[in-house]
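Remarks on the structure that follows.
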2 protein chains.
Amino acid sequence: MATIEDVARSANVSIATVSRYINGRTLGMSPATKERLRITIATLGYVPNAAARSLKTGRSRLIGVLIANIAHMYWSTMLEGIEDGCRAMGYTMLISSAGNDLETQDRYLRTLLNQNVAGLLINPVFADESTIAQWAAISQPVIMLDRTYPALRKPLVAIDNGHGARLATQHLIDYGHTDIGLISWEINSLSNRKERLDGFLSTLQESGLSIEPDRIAFARESWDDGVRATREMFERANAPTAVFSANMELNLQVLSGLRLLGLRVPRDVSVVGFDAAPWDPLLEPPLTAVAGAPYRLGKLAALRLCRAIEQGTTVRPHDSRFRPVLITRESVGPPRPGPLSQKPART
Amino acid sequence: MATIEDVARSANVSIATVSRYINGRTLGMSPATKERLRITIATLGYVPNAAARSLKTGRSRLIGVLIANIAHMYWSTMLEGIEDGCRAMGYTMLISSAGNDLETQDRYLRTLLNQNVAGLLINPVFADESTIAQWAAISQPVIMLDRTYPALRKPLVAIDNGHGARLATQHLIDYGHTDIGLISWEINSLSNRKERLDGFLSTLQESGLSIEPDRIAFARESWDDGVRATREMFERANAPTAVFSANMELNLQVLSGLRLLGLRVPRDVSVVGFDAAPWDPLLEPPLTAVAGAPYRLGKLAALRLCRAIEQGTTVRPHDSRFRPVLITRESVGPPRPGPLSQKPART
DNA sequence: ATGAAAGCGCTAACAA
DNA sequence: TTGTTAGCGCTTTCAT
């Protein structure tokens, strides 16, 4: 591996000149020198040693990405966006996925800090107050991804969850539904779930529709508890005629739960999902859903963070909210007159 | 941030002693010193600076993960495994996703090397010979993930694709199918796709079944080209009575394509997929599929790599192959007697 | 059982 | 316009 000294010797200049050159401080450098360096560096295949740089400057070109759980399509798509954003700015991302565990996320944060990351993108797990306080104290620029804690004064890049929930709910109302259910993952103080719930509730209210506790269900975060929740809701006498499913994983589970009950979508029940997935058009029936925009979210967050790093070291404190859009496919129809006739369930 | 010097001063020892302590070289260190250091380090919240370490030693505790395309469930699950493996060994992963582009992957490799990674996990994009030669020349330990090039002499961690394909095909044969199709992504010299195709072909041959070109289709890597391929295959007069779908994304597309044709699974057509996904039980019908084991694959690869790094710097050259297993659900049944009666297609 | 000191490759004063 | 030089925090001989 060639070092800065090799380059300097080869090009007959001092290492300071080389350093200036590779850092773009060529303000009054003779064209001859520049050209010579360009060639020498190319010939030697020289790449600056990131560790030495980081040691010297206390900064690195590393972006720490701390996410709650990587094993979701939503997140891998977001990471693609982050990756592209970082690359555009010449940064590399260090990803840590915490498996939804606070302690793990905490340890990872330390590791990342220890790697001298220049900035952090955090999709927080559910945390206690002392952890939140700790995050608030991070000196590097930080942007929260997708969700945050209201108490934490860090900028957030997310979609407008409230708006998305309104879009979904209103769509159902427009089709004539008055009995609308919600299936979500458990709510806690993490902003996004709460916002979706609130959007749902207030849209109902504004249309003068009643809110029945039986028609709001919370499932555990898994690949099957949403099926249970769906079945329970639709086995009741006061089952709704339409449901709003609050995230990508749940969308599949709701559809499956309905199918298990022998209910047809949209003939018997209408469904609108959140977080449009690439496979939505392939489902039975193709799913109408609010499109979150994970790729764009990730890219914007990365770009904002890198820009903040380049400039001072503070991210402008405003949040960035994307307006989601409703993608209409075939899972919504008018409410079915009369009571739900459940065919014998499949299981 | 506390440095080694702060610790040394606080504990009244030299920095050399501190260094020995944090690196576990406490062979003949007085218990008193050890205890004093333990406490001091804890009090100060000292964490060694990774950059300084890496600069000095030329090694780091970073594992570079170079993958072709992160935006797949299969890969995010694999990353979870890698993450856990790395963590268990005290390493941090640096992930780069190349968006299936060779040049991008190449640039990322350079960046990773530049970060002084201690080892590399590579899921290669389709590459030319000179790139392959370049990979072969990497001095750090490297393990190939999921697929590789036969010519490249690097150890591979993957599932036994041939065995998986046999399992799937044989399952269909056992049900009495004699006309079996395959839908795969385009084949190139990347090992895994070829292996699945070969497994399929040889199982057919061993049962004396004919191989018809019309029943083997290759789709472009996308979220919809598999739908087209499926429709084309099943619109033909010699459509098979069963299909083997060769990967996670294709599974959904094949099911969708069949549905669009008005064909019922498994009544009209049986389907067995590859790469069991968490949503398989939620599909219509719940999918019978060969379970790849991305999490275990990732974890094992990380473990093997870290172990190699700790010891010498060469990975033992053998490949690790997981035997996949067939998960039986509801998408396979006996072949339907008589010609396929296609109901009017949905679109 | 512990310490002193050199130096990893680089940046950023400061000098010239 | 370019060069000299002091460290960044750590590991590792070599002494003691």
Side-chain angles (χ1 to χ4, degrees), chain A residues 1-38 40-41 44-62 90 110-111 113-118 139 309-310, chain B residues 1-38 40-41 44-62 90 111 113-118 309-310:
Chain A
M1 271 283 129
T3 74
I4 200 173
E5 229 167 341
D6 300 330
V7 177
R9 200 169 331 110
S10 271
N12 270 310
V13 293
S14 72
I15 59 169
T17 304
V18 182
S19 174
R20 284 187 202 105
Y21 179 80
I22 58 182
N23 288 292
R25 275 189 295 279
T26 52
L27 307 162
M29 195 176 285
S30 92
T33 311
K34 279 196 274 194
E35 178 60 4
R36 205 138 29 89
L37 282 172
R38 200 183 57 70
T40 314
I41 287 174
L44 265 50
Y46 166 74
V47 217
N49 179 311
R53 227 177 207 177
S54 157
L55 174 59
K56 177 64 194 179
T57 61
R59 298 172 258 119
S60 71
R61 296 189 78 79
L62 257 24
R110 240 179 278 284
T111 309
L113 255 18
N114 169 236
Q115 296 284 348
N116 248 317
V117 292
S139 62
I309 292 167
E310 306 277 85
Chain B
M1 272 284 132
T3 74
I4 200 174
E5 229 168 343
D6 300 331
V7 177
R9 201 170 329 110
S10 270
N12 269 310
V13 292
S14 73
I15 59 168
T17 303
V18 181
S19 174
R20 283 187 203 105
Y21 178 81
I22 58 182
N23 287 292
R25 274 189 296 280
T26 51
L27 307 162
M29 196 176 283
S30 93
T33 310
K34 280 196 275 193
E35 178 60 6
R36 204 137 31 88
L37 281 171
R38 200 184 55 73
T40 314
I41 287 174
L44 265 50
Y46 166 73
V47 218
N49 178 312
R53 233 181 201 172
S54 157
L55 175 59
K56 180 64 194 175
T57 61
R59 299 171 256 121
S60 71
R61 296 189 78 78
L62 257 23
T111 310
L113 255 18
N114 169 237
Q115 295 285 347
N116 247 320
V117 292
I309 293 167
E310 306 276 86

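Basis for what follows: all heavy atoms, side chains included, without hydrogens, waters or symmetry-related copies.
The side chain of R59(A) places no N or O atom within less than 4.0 Å of a non-bridging phosphate oxygen (OP1 or OP2) of dC8(D). For the OP1/OP2 pair of dT1(D) and a distance below 4.0 Å, the side-chain nitrogens and oxygens of T33(A) include no atom meeting the criterion. Proximity of S14(A) to the phosphate of dG3(D): a side-chain N or O atom is located under 4.0 Å from OP1 or OP2.
Residue A16(B) has its side chain nearest to dG3(C) when only dT11(D), dG9(D), dG3(C) are considered. With dT2(C), dC8(D), dC10(C) as the choices, the nucleotide that has an atom nearest any side-chain atom of N49(A) turns out to be dC10(C). With dT12(D), dT1(D), dT2(C) as the choices, the nucleotide that has an atom nearest any side-chain atom of T17(B) turns out to be dT2(C). For N23(B), counting side-chain heavy atoms from C-beta on, the closest listed nucleotide (dC10(C), dT11(D), dT11(C)) is dT11(D). Comparing dG3(D), dC10(D), dT12(D) by their nearest atom to the side chain of Y46(B) picks out dC10(D). Each of dG9(C), dC10(D), dT2(D) was ranked by its minimum atom distance to the side chain of A52(A); first place goes to dG9(C).
For the pair T57(B) and M29(B), both in contact range of DNA chain C, the more 5′-proximal nearest nucleotide belongs to M29(B). Comparing R20(B) and I4(B) by the nucleotide of DNA chain D that holds the closest heavy atom to each, the one mapping nearer the 5' end is I4(B).
Side-chain N/O atoms of N23(A) and R53(A) include a donor and acceptor closer than 3.5 Å.
Here the C1' atom of nucleotide dG3(D) and the CG atom of L37(A) are 14 Å apart, to the nearest Å. As rounded to whole Å, 11 Å separates atom P of dT11(C) from atom CZ of R61(A). Separating the CG atom of D6(B) from the P atom of dC8(D) is a distance of 11 Å, rounded to the nearest angstrom. The distance from atom CG of L55(A) to atom P of dC8(C) is 13 Å, rounded to the nearest whole Å. If you take CZ of R53(A) and P of dG9(D), they are 18 Å apart, rounded to a whole angstrom. When rounded to the nearest whole Å, the span between CG of N12(A) and C1' of dT1(D) equals 16 Å. When rounded to the nearest whole Å, the span between CZ of R25(A) and P of dT1(D) equals 16 Å. Computed from coordinates, the Y21(A) OH to dC10(C) C1' distance equals 18 Å when rounded to whole Å.
Each of T17(B), L44(B), I15(B) was compared with V7(B) under the side chain to side chain contact (heavy atoms under 4.5 Å, CB included) criterion, and only L44(B) meets it.
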Kindly indicate, with the supporting measurements, whether the criterion side chain to side chain contact (heavy atoms under 4.5 Å, CB included) is fulfilled by I41(A) and Y21(A). CA-CA 10 Å; I41(A) 287 174; Y21(A) 179 80; 3.7 Å; yes
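Between L55(A) and K56(B) there is no side-chain heavy-atom pair separated by less than 4.5 Å.
Taking both residues in full, the closest heavy atoms of G90(B) and R61(B) are given as O-NE, 3.1 Å, listed atom of the first, atom of the second, then distance.
The residue S54(A) sits apart from the nucleic acid: no heavy atom pair falls under 4.0 Å. No engagement by L27(A) is indicated, since no non-hydrogen atom pair under 4.0 Å with the nucleic acid exists.
The CZ atom of R36(A) lies 11.0 Å from the OG atom of S10(A); values are rounded to the nearest 0.5 Å.
You won't find any donor-acceptor pair under 3.5 Å spanning the side chain of K56(A) and the base of dG9(C), going by distance alone.
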